2 protein chains.
Amino acid sequence: MDTAPGRDTRWLTPEEQRVWRAYLHAVTLLEDHLDRQLQRDADMPHVYYGLLVQLGEAPERRLRMTELAKQAKITRSRLSHAVSRLEKNGWVRREECPDDKRGQFAVLTDAGYEVLRRTAPGHVEAVRQAVFDRLSPEQQKSLGEIMQIVAEGLQPKEAGADLPWLR
Amino acid sequence: MDTAPGRDTRWLTPEEQRVWRAYLHAVTLLEDHLDRQLQRDADMPHVYYGLLVQLGEAPERRLRMTELAKQAKITRSRLSHAVSRLEKNGWVRREECPDDKRGQFAVLTDAGYEVLRRTAPGHVEAVRQAVFDRLSPEQQKSLGEIMQIVAEGLQPKEAGADLPWLR
DNA sequence: GCGCTGTTGTTTAACCTTCAAGGAGATGCC
DNA sequence: GGCATCTCCTTGAAGGTTAAACAACAGCGC
């Protein structure tokens, strides 16, 4: 990977520093804001809410643990803890996988769906107020492209994704 | 604050959803990446590293706790815990404030400065590889503007900041 | 079948963050 | 001065996250 930082570090220029600081500030403020909003209205952190959303969109409102972890960009360990908590709340239920006895499904319960239905509007509104209402259409487009690029760069590559002849 | 979500929620359009998902993915992947990088190379999470940076840039490498918390966008409580931890590592030291006996200074020690000097290049390189190397100059500029706007919208306003005649 | 390797999901303990509460000193007002 | 109130910072408990180790199983070659 040749990352060994030698004598010649490519420091950030003043302009790059401004961009980076702005990014850090925006991201931490926004995550804080949304976390508080959801903690107040739905009694759970943002990440947990995201899990319910993913399940709500999945066929039959169920996903294998690993698949859910992948979609939510969290570790399986973290997901395991999270689901345990959501299970206690009655929002999610675990089910065994008939095909693979190691496997577990996380299933969104009716109560979980109800919570989602009740709290989604407030959450969307919060996102709108904090982000979309403040950006021009061009900026929104730009933001999407930029984030897409950054995410792709960090995504653990699919096997053979860049070696199509191996598939 | 008329946020009461009535029957008429302004849902995100499909395009807005794509932008928002891309944002969430990028941000969580990036934060994870940097956290791991720093945990490995500097034995501390990203936020703690940020504290050392702020102190390193401050005059005399010292800041009042509240000021540091404000700059780092974290709560005083969190900062208090964090400084305790950094103090155990010998990277930061607390000092009393002569002017205000309630006050405390957080001071970057020589050892702390040394850690910073040693690990900064690797961190900058990680940020570069994940972000700046992948974006065009226009995109970098755009990112800065967008994040600036979002951050300002969430920033707790300074007293009278939008009422200049009151200052 | 048997063993090998990799996957799936959980667990433990250490660590970090949050929230609510509180001590101690400053500030202002009478 | 006396009192209320505010600010600065800390604390402890509850809860969330992480890394590492683990048990159970699947897939595969033999």
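Only heavy atoms go into these numbers, but all of them, side chains included; no hydrogens, no water, no symmetry mates. Keep in mind the model is a prediction, meaning the values are calculated, not measured. Just so it is clear: chains get the letters A, B, ... in the order the sequence lines come, proteins before strands, and each one is counted from 1.
The distance between atom CZ of A/R78 and atom P of C/dT11, rounded to the nearest whole Å, is 18 Å. To the nearest angstrom, C1' of D/dT17 lies 11 Å from CD of B/Q39. Between the C1' atom of D/dC9 and the CD atom of B/E87 lies a distance of 13 Å, rounded to the nearest Å. Rounding to whole angstrom units, CG of residue A/D43 and C1' of D/dG16 are separated by 13 Å. In this structure, CZ of B/R40 is placed 20 Å from P of C/dC15, rounded to the nearest angstrom. Between the C1' atom of D/dG16 and the NE2 atom of A/H46 lies a distance of 16 Å, rounded to the nearest Å. Remark: P of D/dA23 and CE of A/M65 are 20 Å apart, rounded to the nearest angstrom. Atom CZ in A/R76 sits roughly 7 Å away from atom C1' in C/dT7 (whole-Å rounding).
At a cut-off of 3.5 angstrom, counting only N and O atoms as typed in the model, there is a donor on one side and an acceptor on the other between the side-chain of B/R102 and the base of D/dT7. One donor-acceptor pair, N or O on each side, does fall under 3.5 Å between the base of D/dG12 and the side chain of B/H81.
Between A/A42 and A/T119 the shortest heavy-atom distance is CB-CG2, 3.7 Å.
Close to D/dC9, at under 4.0 Å from its OP1 or OP2, lies a side-chain N or O of B/R64. For the OP1/OP2 pair of D/dG16 and a distance below 4.0 Å, the side-chain nitrogens and oxygens of A/R85 include at least one atom meeting the criterion.
The backbone N or O of A/R93 lies less than 3.5 Å from no partner atom in the side chain of A/T109, so there is not a single donor-acceptor pair.
Looking at which nucleotide of DNA chain D each of A/A82 and B/E67 is closest to, the 5′-most match is held by B/E67. When each of A/D32 and A/S77 is assigned the nucleotide of DNA chain C bearing its nearest heavy atom, the one mapping closer to the 5' terminus is A/S77. Between B/Y48 and A/F105, the residue whose closest nucleotide on DNA chain C is further toward the 5' end is A/F105.
When heavy atoms are screened at a 4.0 angstrom cut-off, B/D35 is found touching no nucleic acid atom at all.
A cation-pi arrangement is present between B/R61 and B/Y113 under the rule of less than 6.0 angstrom and at most 45 degrees off the ring axis.
Side-chain contact between A/M147 and B/H25 is absent, with no heavy-atom pair separated by less than 4.5 Å. Within the 4.5 Å cutoff, the side chain of B/K141 has no heavy atoms near those of the A/E15 side chain.
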